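The next block holds one structure in the form of structure tokens; read it before the comments.
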Amino acid sequence: MAMQISGDADDVVSEINVTPLVDVMLVLLVVFIITAPMMTMAVKVALPQTAVTAPTEPKKSTYISVDKAGKIYVDKQEFALANLEIELKRRRQDQPDILINLNADEGVNYGLVAKVMSSVDRAGITKLSVLTEQE
């Protein structure tokens, strides 16, 4: 913050002093940080006892990979683009709620990736994830 220093003691300072405002906001922030965790368990409830159940097994995903050369792999097995839809329909019959993860090299032509995604759609698969890496 800049201070104005002048020779006259009678000059009126026309700037707003924000220091008290910042102090109040910091105090409110600290109060909120301290009280917020206490508000989550405000009501004490006795939960009923139940039998232990086994967690559901996570569904196995199917991976479709497109390498830099444009080769298409389904779970590390190579397929031609023309046969991809047939293979996906076969897998969908075995597992109706199939999950597809698509890995494509960044150097691959977008048109090929779009064709693979179209094959997934035509096979009737609705759960498709496109995997990327963080920057």
Side-chain angles (χ1 to χ4, degrees):
M1 254 164 91
M3 275 181 72
Q4 180 180 4
I5 300 175
S6 63
D8 293 336
D10 295 333
D11 287 344
V12 177
V13 177
S14 61
E15 295 177 0
I16 297 174
N17 187 4
V18 295
T19 304
L21 176 66
V22 171
D23 290 344
V24 169
M25 293 305 294
L26 287 174
V27 168
L28 289 174
L29 180 65
V30 168
V31 169
F32 178 74
I33 289 172
I34 291 172
T35 59
M38 294 179 202
M39 298 302 289
T40 59
M41 297 301 287
V43 178
K44 298 286 183 188
V45 177
L47 297 175
Q49 298 292 322
T50 61
V52 177
T53 59
T56 58
E57 290 185 27
K59 297 175 184 170
K60 185 177 181 292
S61 297
T62 299
Y63 288 88
I64 298 177
S65 303
V66 183
D67 67 3
K68 195 169 188 171
K71 295 179 183 175
I72 301 168
Y73 299 90
V74 178
D75 288 337
K76 298 183 181 180
Q77 183 180 359
E78 187 175 352
F79 285 91
L81 182 60
N83 299 333
L84 179 62
E85 184 177 343
I86 298 166
E87 174 64 18
L88 292 176
K89 283 182 181 180
R90 186 190 65 75
R91 288 180 184 235
R92 185 171 168 259
Q93 285 178 346
D94 296 341
Q95 185 182 359
D97 56 345
I98 188 170
L99 306 172
I100 300 290
N101 291 328
L102 176 61
N103 298 316
D105 192 277
E106 66 182 352
V108 173
N109 185 349
Y110 174 72
L112 179 59
V113 176
K115 289 177 184 177
V116 169
M117 292 172 73
S118 179
S119 294
V120 171
D121 185 44
R122 283 192 311 269
I125 299 171
T126 58
K127 298 177 182 175
L128 171 68
S129 299
V130 179
L131 304 178
T132 60
E133 288 185 1
Q134 290 182 334
E135 290 184 31

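What you are looking at is a predicted structure, and each value in this text was computed from that prediction instead of being measured. As a basis for the values below, the full set of heavy atoms in this structure was taken, side chains included, without hydrogen atoms, waters or symmetry mates. Numbers for residues simply follow the sequence, beginning at 1.
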Subject >> Residues Val30, Leu26; criterion side-chain contact (heavy atoms from CB on, under 4.5 Å); working and verdict >> reply: CA-CA 6 Å; Val30 168; Leu26 287 174; 5.6 Å; no

If two hydrophobic side chains count as joined below 4.5 Å and joins carry through other members, does [X] share a cluster with [Y]?
X: Leu84; Y: Val130; value: yes
X: Leu99; Y: Val66; value: no
X: Val116; Y: Tyr73; value: no
X: Leu128; Y: Ile64; value: yes

Which heavy atom of [X] sits nearest a heavy atom of [Y], and at what distance?
X: Leu81; Y: Ser119; result: CD1-OG, 4.1 Å
X: Asp75; Y: Arg91; result: OD2-NH1, 2.8 Å
X: Leu88; Y: Ala123; result: CB-CB, 3.7 Å
X: Arg122; Y: Lys89; result: O-CE, 3.7 Å

Look only at the side chain of [X] and the backbone of [Y], and say whether a donor-acceptor pair between them is shorter than 3.5 Å.
X: Ser118; Y: Ala114; answer: no
X: Asn101; Y: Tyr63; answer: no
X: Asn109; Y: Leu112; answer: no

Rounded to the nearest 0.5 Å, what separates atom [atom1] in [X] from atom [atom2] in [Y]?
X: Leu28; Y: Asp23; atom1: CG; atom2: CG; value: 11.0 Å
X: Ser61; Y: Leu131; atom1: OG; atom2: CG; value: 8.5 Å
X: Glu106; Y: Glu133; atom1: CD; atom2: CD; value: 8.5 Å
X: Lys60; Y: Ile98; atom1: NZ; atom2: CD1; value: 9.0 Å
X: Met117; Y: Tyr110; atom1: CE; atom2: OH; value: 6.0 Å

Original post:
Checking side-chain contact (heavy atoms from CB on, under 4.5 Å) for the pair Ile100/Lys127: CA distance, chi angles, key distance, verdict?
Top reply: CA-CA 6 Å; Ile100 300 290; Lys127 298 177 182 175; over 6 Å; no

Subject >> Asp94: salt bridge (Lys or Arg N to Asp or Glu O under 4.0 Å) partners, not counting sequence neighbours >> reply: Arg90

Original post:
If we only count heavy atoms from C-beta on, is the Val74 to Thr62 side-chain gap below 4.5 Å?
Top reply: yes

Original post:
Does any non-hydrogen side-chain atom of Thr126 lie less than 4.5 Å from one of Asp97?
Top reply: no

**OP:** For salt bridge (Lys or Arg N to Asp or Glu O under 4.0 Å), just list the numbers for Lys71 and Asp105, CA-CA rounded to whole Å, side-chain angles, deciding distance to a tenth of an Å, and then say yes or no.
**Re:** CA-CA 10 Å; Lys71 295 179 183 175; Asp105 192 277; over 6 Å; no

